[in-house]
Undergrad: 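First the structure, then my questions, so here it is.
A quick note: this is a predicted structure, and the numbers were derived from the prediction, not measured. The figures that follow rest on heavy atoms only: side chains count, while hydrogens, waters and symmetry mates do not.
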Amino acid sequence: MIKILGALALALTAAVVPTAGGVARAAEPKVLNVMSWNMCGVIRWGCTSTADAKIGVVKYHVANTFVQAAVLQEVCENDLTKLMGELGSGWHKAFTPYLWSEDGRTSPITCDTDRAGVAVIAKVGLSDAKVHATTQPWTGMHRPLLCATATYWNTRLCSVHLTPHPGGNPDHPEWDYRDDQIAEIRSLVGGFPNFVIGGDFNVKPPEWPGTQDAWVWGSGLYYNGTSGYVECDQQGAARTGGATHDSNTKIDYIFSSEARRWCARADSVHSDHHVLVESVEVV
């Protein structure tokens with residue numbers, strides 16, 4: 001069952017457009033509902049359930065949570081193709097694979113015969129898909145930052161998957177890449193007029209009980225009461241939220257430059273990650 005966690009109405013600075021008579025009026029915001037989910041599609045990584053079951057979860061939220069866009073992680077390319085066929089011609093996709101780097105020489109990571117990666121999908125239109133450079137292990141798995149613009153909303157959507165710690169680099173398992181990656185994401189999204197970014201950050205919230213990783217967040221991304229962006233499940237200035245992983249911790253997030261309407265978290269037996277959906281008003 002979907003749990004509606006918040007319907008916080010943030011103050012909006014309305015855009016003003018002229019009318020034929022010269023009288024200014026406020027532009028009506030466009031509602032955008034974005035889903036973030038680590039689908040756990042790579043069976044040899046300990047994932048279970050069929051591709052059809054995972055596709056069914058996305059389709060359920062399109063039909064019942066009125067999702068118009070999604071940022072996905074650990075998705076198999078063939079499964080994504082099948083999903084797009086079942087969603088219909090009005091939907092568009094961008095995909096890029098995970099890469100394994102061996103001393104800087106990279107090759108795609110596969111599910112079975114197809115590639116595993118991250119994706120951005122959206123209704124109406126999707127443009128300017130791009131993998132943005134972030135710090136990655138010289139040896140180890142590269143988890144790309146993929147962004148594309150949902151054209152109807154003129155909003156940049158990004159699928160995030162950060163390097164876990166420890167062990168992101170098997171040669172140096174103690175090295176932590178998440179602080180650099182979060183700082184790079186923060187710098188990047190600051191240049192977007194409108195954005196929604198979401199995904200598997202592989203880190204607990206800064207104020208999660210007992211966490212020792214608060215330092216990797218740095219400043220400027222996670223709203224702290226004076227600056228940053230309100231996270232989907234955030235209540236007030238407290239930088240925490242409900243669990244999004246079967247380990248009973250929160251490691252999945254959605255951040256946006258736009259005003260939050262509501263946030264929903266939904267359990268799923270078809271992945272070790274739960275679904276997050278945020279509804280925002282794009283002005």
Undergrad: Grouping I, L, V, M, F, W and Y whenever their side-chain heavy atoms are under 4.5 Å apart, do Leu221 and Val196 come out in a common cluster?
TA: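 No, it is not one cluster - the side chains of Leu221 and Val196 are not joined through contacts under 4.5 Å.
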
Undergrad: Side-chain heavy atoms under 4.5 angstrom apart, residues restricted to Ile, Leu, Val, Met, Phe, Trp, Tyr: same cluster for Ile251 and Ile182?
TA: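 Looking at the clustering, Ile182 is in a separate group from Ile251.
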
Undergrad: Grab the two heavy atoms, one from Pro144 and one from Val131, that are nearest each other, plus how far apart they are.
TA: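 The pair with the smallest heavy-atom distance is CB-CG1, 3.9 Å.
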
Undergrad: Do His142 and Thr106 come within less than 4.5 Å of each other through their side chains, counting heavy atoms only?
TA: yes

Undergrad: Does Lys54 reach the main-chain N or O of Cys40 with its side chain, forming a donor-acceptor pair under 3.5 Å?
TA: yes

Undergrad: If you compare all heavy atoms of Arg178 against all heavy atoms of Val216, which two are closest, and at what distance to 0.1 Å?
TA: NH2-CG1, 4.1 Å

Undergrad: Does the side chain of Asn78 reach to within under 4.5 Å of the side chain of Cys111, using non-hydrogen atoms?
TA: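 Side chain of Asn78 against side chain of Cys111, heavy atoms only: no contact under 4.5 Å found.
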
Undergrad: Can you tell me how far the SG atom of Cys263 sits from the CD atom of Glu231, to the nearest 0.5 Å?
TA: 6.5 Å

Undergrad: In sequence, state the C-alpha distance, the side-chain angles, and the governing distance for Trp153 and Val280, and then conclude on side-chain contact (heavy atoms from CB on, under 4.5 Å).
TA: CA-CA 11 Å; Trp153 295 271; Val280 298; over 6 Å; no

Undergrad: Taking the side chain from Asp272 and the backbone from Asp246, do they hold a donor-acceptor pair closer than 3.5 Å?
TA: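 A pair under 3.5 Å: no.
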
Undergrad: Is any side-chain heavy atom of Ser257 less than 4.5 Å from a side-chain heavy atom of Arg156?
TA: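 Counting from C-beta outward, Ser257 and Arg156 never come under 4.5 Å.
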
Undergrad: How far does CZ of Arg261 sit from OG of Ser256, to the nearest 0.5 angstrom?
TA: 12.5 Å

Undergrad: Kindly work out whether a path of hydrophobic side-chain contacts (I/L/V/M/F/W/Y, heavy atoms less than 4.5 Å apart) joins Leu145 to Leu80.
TA: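 Looking at the clustering, Leu80 is in a separate group from Leu145.
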
Undergrad: Test your reading of the model: is there a side-chain donor-acceptor pair from Ser159 to the backbone of Val120, 3.5 Å cut-off?
TA: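 Not confirmed, Ser159 side chain does not pair with Val120 backbone.
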
Undergrad: Say you draw a straight line from SG of Cys158 to CD1 of Ile254; how long is it, rounded to the nearest 0.5 Å?
TA: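 It is 12.5 Å, given to the nearest 0.5 Å.
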
Undergrad: Pairs in or reaching into residues 63-86: which pass salt bridge (Lys or Arg N to Asp or Glu O under 4.0 Å), with residues at least two apart or in two chains?
TA: Asp52-Lys82, Lys59-Glu86, Glu77-Arg115

Undergrad: How long is the span from the NZ atom in Lys250 to the OG1 atom in Thr211, to the nearest 0.5 Å?
TA: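 Lys250 NZ to Thr211 OG1: 13.0 Å, rounded to 0.5 Å.
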
Undergrad: Do the side chains of His61 and Val57 get nearer than 4.5 Å, heavy atoms only?
TA: yes

Undergrad: Side-chain heavy atoms under 4.5 angstrom apart, residues restricted to Ile, Leu, Val, Met, Phe, Trp, Tyr: same cluster for Leu146 and Ile185?
TA: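 Hydrophobic grouping puts Leu146 apart from Ile185.
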
Undergrad: Can you pull the ring pair (Phe, Tyr, Trp, His ring centres under 6.0 Å) pairs that have at least one residue in residues 83-122, sequence neighbours excluded?
TA: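 Matches after skipping sequence neighbours: Tyr98-His161.
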
Undergrad: What heavy-atom pair brings Gly140 and Pro170 nearest, and what distance separates the two atoms?
TA: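 That would be CA-CD, 4.0 Å.
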
Undergrad: Which pair of heavy atoms, one from Gly225 and one from Ala237, lies closest together, and at what distance?
TA: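 Result for this residue pair: CA-CB, 3.8 Å.
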
Undergrad: Please check if any side-chain donor atom of Thr151 sits under 3.5 Å from a side-chain acceptor atom of Thr149, or the reverse.
TA: no

Undergrad: Consider side chain to side chain donor-acceptor pair (under 3.5 Å). Of Asp176, Thr163, Thr135, Thr134, which one does Gln181 pass it with?
TA: Thr163

Undergrad: Assess, by modelled atom type and distance only, whether the side chains of Thr226 and Asn224 contain a donor and an acceptor separated by less than 3.5 Å.
TA: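 Yes - a donor-acceptor pair under 3.5 Å links their side chains.
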
Undergrad: Might you point out which heavy atoms bring Gly125 and Ala122 nearest each other, and give the distance in Å?
TA: O-CB, 4.2 Å

Undergrad: Could you tell me if the side chain of Ile197 sits less than 4.5 Å from the side chain of Val71, heavy atoms only?
TA: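 No - every pair of side-chain heavy atoms lies 4.5 Å or more apart.
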
Undergrad: Using 0.5 Å steps for rounding, measure from the OG1 atom of Thr139 to the CG atom of Asp171.
TA: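 Those atoms lie 4.5 Å apart.
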
Undergrad: Got Gln136 and Ser101 here, is their nearest side-chain heavy-atom distance under 4.5 Å?
TA: no

Undergrad: For the residue pair Met39 and Gln73, establish whether any side-chain heavy-atom pair is separated by less than 4.5 Å.
TA: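 They are not in side-chain contact.
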
Undergrad: Give the C-alpha distance, both sets of side-chain angles, the deciding distance and a yes or no for side-chain contact (heavy atoms from CB on, under 4.5 Å) between Met141 and Leu99.
TA: CA-CA 6 Å; Met141 181 171 162; Leu99 301 174; over 6 Å; no

Undergrad: Between atom NE2 of His245 and atom NZ of Lys204, what is the distance when rounded to the nearest 0.5 Å?
TA: 11.5 Å

Undergrad: Give a yes-or-no answer on whether the side chains of His274 and Asp252 include a donor-acceptor pair shorter than 3.5 Å.
TA: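 Distance-only check fails for His274 and Asp252.
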
Undergrad: Within a strict 4.5 Å, meaning less than it, do heavy atoms of the Asp200 and Val160 side chains meet?
TA: no

Undergrad: Is Asp233 salt-bridged to Arg265, cutoff N-O under 4.0 Å?
TA: yes

Undergrad: Can Thr155 and Glu258 be counted as having a side-chain donor-acceptor contact under 3.5 angstrom?
TA: no

Undergrad: Of all heavy-atom pairs between Ser36 and Gly198, which one has the smallest distance, and what is that distance?
TA: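 For Ser36 versus Gly198, the nearest heavy atoms are OG-C, 3.5 Å.
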
Undergrad: So, applying side chain to side chain contact (heavy atoms under 4.5 Å, CB included) with Gln68, which one of Val34, Ile121, Asn33 is it?
TA: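 Result for side chain to side chain contact (heavy atoms under 4.5 Å, CB included) with Gln68: Asn33.
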
Undergrad: Is Arg44 salt-bridged to Asp112, cutoff N-O under 4.0 Å?
TA: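 Result for this pair is no, no salt bridge flagged.
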
Undergrad: Does Gln212 CD have over 12 foreign heavy atoms under 6.0 Å away?
TA: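 At most 12 heavy atoms, drawn from other residues, nucleotides or ligands, come within 6.0 Å of this atom.
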
Undergrad: Tell me whether the guanidinium CZ or amine NZ of Lys30 lies under 6.0 angstrom from the six-membered ring centre of Tyr152 and within 45° of its axis.
TA: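 Output yes; distance and angle both within limits.
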
Undergrad: Is Phe66 reachable from Val124 through a run of hydrophobic residues whose side-chain heavy atoms are each under 4.5 Å from the next?
TA: no

Undergrad: Once ring pair (Phe, Tyr, Trp, His ring centres under 6.0 Å) is applied, what residue pairs with a partner in residues 173-219 remain, sequence neighbours excluded?
TA: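 The answer is His172-Trp175, Phe195-Tyr229, Phe201-Trp217, Phe201-Tyr253, Phe201-Phe255, Trp217-Tyr222, Trp217-Tyr253.
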
Undergrad: Are Cys147 and Leu157 close enough, and set up right, to give a side-chain contact (heavy atoms from CB on, under 4.5 Å), and what steps lead you there?
TA: CA-CA 5 Å; Cys147 301; Leu157 307 174; over 6 Å; no

Undergrad: Would you please say whether a donor-acceptor pair under 3.5 Å links the side chains of His273 and Ser271?
TA: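 Absent: no donor and acceptor within the cut-off.
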
Undergrad: Less than 3.5 Å apart, any donor N or O on the side chain of Thr81 or Lys93 sitting next to an acceptor on the other?
TA: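 On atom types as modelled, these side chains qualify, holding a pair under 3.5 Å.
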
Undergrad: List the steps, then state whether side-chain contact (heavy atoms from CB on, under 4.5 Å) holds for Thr244 with Asn38.
TA: CA-CA 10 Å; Thr244 65; Asn38 182 322; over 6 Å; no

